[in-house]
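Report on the following structure.
Here is how names work: the chains are called A, B, and so on, in the same order as the sequence lines, proteins then strands, and each is numbered from 1.
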2 protein chains.
Amino acid sequence: MKEIRTEQPHCPVDGVMHLLFAKWSAHIIWVLGAEGAQRFGELKRRLDPISTKTLTERLRELEMGTLLHREVVATIPPQVTYSLTAKGTAIHGVVDQLVVLANKWESETPNDSMQ
Amino acid sequence: MKEIRTEQPHCPVDGVMHLLFAKWSAHIIWVLGAEGAQRFGELKRRLDPISTKTLTERLRELEMGTLLHREVVATIPPQVTYSLTAKGTAIHGVVDQLVVLANKWESETPNDSMQ
DNA sequence: CGGTATCCTCAGCGATACTG
DNA sequence: CAGTATCGCTGAGGATACCG
């Protein structure tokens, strides 16, 4: 995804949009928010057909944006746990409202809202 | 954008996600929600570097998903006005919360939230 | 004015293989 | 287990030209 701008020339919203609207990002946040902290492998299983590459990329981006926190326990084998920060939790709240709306519309209008 | 799934095999959230997470969609909804109904040309100017092709595509998709309404006045030259439906307004509310959060974080932490 | 119709590019993602 | 490294492809979207 290249850019989702909401104003010019520098839009404070761009960053969050970029972060959130990339493929899988919202889903990752939603899982971490709904199920709590998860390790890399659990997360991957939970998101099913996601590739390791993409999952790693998204997690790094979200960490950079301080939406989640990465905690490493350097055992063998290593354990890496991801959890939402306060920012991430706030975003999760918004995403969840989207989910609530979508579910409501699905049950109200089983056939007219989408092709 | 291909798929943003949040569950398998059929997820009611997919439709809205698809719709909203496509490039420019959120921005379009945000403009229509904040400024009210707009004609095609106004919208295009407001979104600046968007191409006619993409704008048309997004508008059609959002209309299909009944997030917005398309009203044609067949004068010469024609007038086509787009406005949010109830669904669209609900989505706009959610998007706006995202904008509020983003602005808040921008002013709080001018340098640590994004690269 | 409000669109279609083409063409083309490129970056985002998946698949696969390998590593500390 | 939790990644990194390559490679290759696909399709979303931009540029451009034209139309009722």
Determine: side-chain N/O of [X] to OP1/OP2 of [N], distance under 4.0 Å, yes or no.
{"X": "B:Arg60", "N": "C:dT4", "result": "yes"}
{"X": "A:Thr52", "N": "D:dG3", "result": "no"}
{"X": "B:Ser51", "N": "D:dG14", "result": "yes"}
{"X": "B:Thr56", "N": "C:dG3", "result": "no"}
{"X": "A:Arg58", "N": "C:dG12", "result": "no"}
{"X": "B:Arg39", "N": "C:dG2", "result": "yes"}
{"X": "B:Arg70", "N": "C:dG2", "result": "no"}

Nearest listed nucleotide, side chain of B:Thr54, among C:dC13, D:dG14, D:dG3: D:dG14
Choose from C:dC13, D:dG3, D:dG13 the nucleotide whose nearest atom is closest to any side-chain atom of B:Lys23. D:dG13
Hey, does A:Gln97 have a side-chain heavy atom less than 4.5 Å from the side chain of B:Gln97? yes
Here's a test of your reading of the structure: between B:Pro78 and A:Pro78, which maps to the more 5' nucleotide of DNA chain C? B:Pro78
Reckon A:Glu57 touches a base, only the sugar-phosphate, or nothing at all at heavy-atom distances under 4.0 Å? nothing
Identify whether any heavy atom of A:Lys44 sits under 4.0 Å from a base atom; if not, whether one sits that close to sugar-phosphate; answer base, sugar-phosphate or nothing. nothing
To the nearest angstrom, how far is [X] atom [atom1] from [N] atom [atom2]?
{"X": "B:Phe40", "N": "D:dC19", "atom1": "CZ", "atom2": "C1'", "answer": "14 Å"}
{"X": "A:Glu71", "N": "D:dA2", "atom1": "CD", "atom2": "P", "answer": "13 Å"}
{"X": "B:Leu43", "N": "C:dC1", "atom1": "CG", "atom2": "C1'", "answer": "14 Å"}
{"X": "A:Arg45", "N": "D:dG3", "atom1": "CZ", "atom2": "P", "answer": "13 Å"}
{"X": "A:Ile50", "N": "D:dG3", "atom1": "CD1", "atom2": "C1'", "answer": "14 Å"}
{"X": "B:Tyr82", "N": "C:dG3", "atom1": "OH", "atom2": "C1'", "answer": "8 Å"}
{"X": "B:His18", "N": "D:dG13", "atom1": "NE2", "atom2": "C1'", "answer": "14 Å"}
{"X": "B:Leu55", "N": "C:dT4", "atom1": "CG", "atom2": "C1'", "answer": "14 Å"}

Has the side chain of B:Thr85 got a donor or acceptor atom that lies under 3.5 Å from a matching backbone atom of B:Leu67? yes
Once rounded to the nearest 0.5 Å, what's the spacing between atom [atom1] of [X] and atom [atom2] of [Y]?
{"X": "B:Arg58", "Y": "B:Glu63", "atom1": "CZ", "atom2": "CD", "result": "14.0 Å"}
{"X": "A:Asn103", "Y": "A:Leu98", "atom1": "CG", "atom2": "CG", "result": "10.5 Å"}
{"X": "A:Tyr82", "Y": "A:Leu55", "atom1": "OH", "atom2": "CG", "result": "7.0 Å"}
{"X": "B:Leu20", "Y": "B:Ile28", "atom1": "CG", "atom2": "CD1", "result": "10.5 Å"}

On a plain distance test, is the side chain of B:Lys53 in donor-acceptor contact with the base of D:dG14 below 3.5 Å? yes
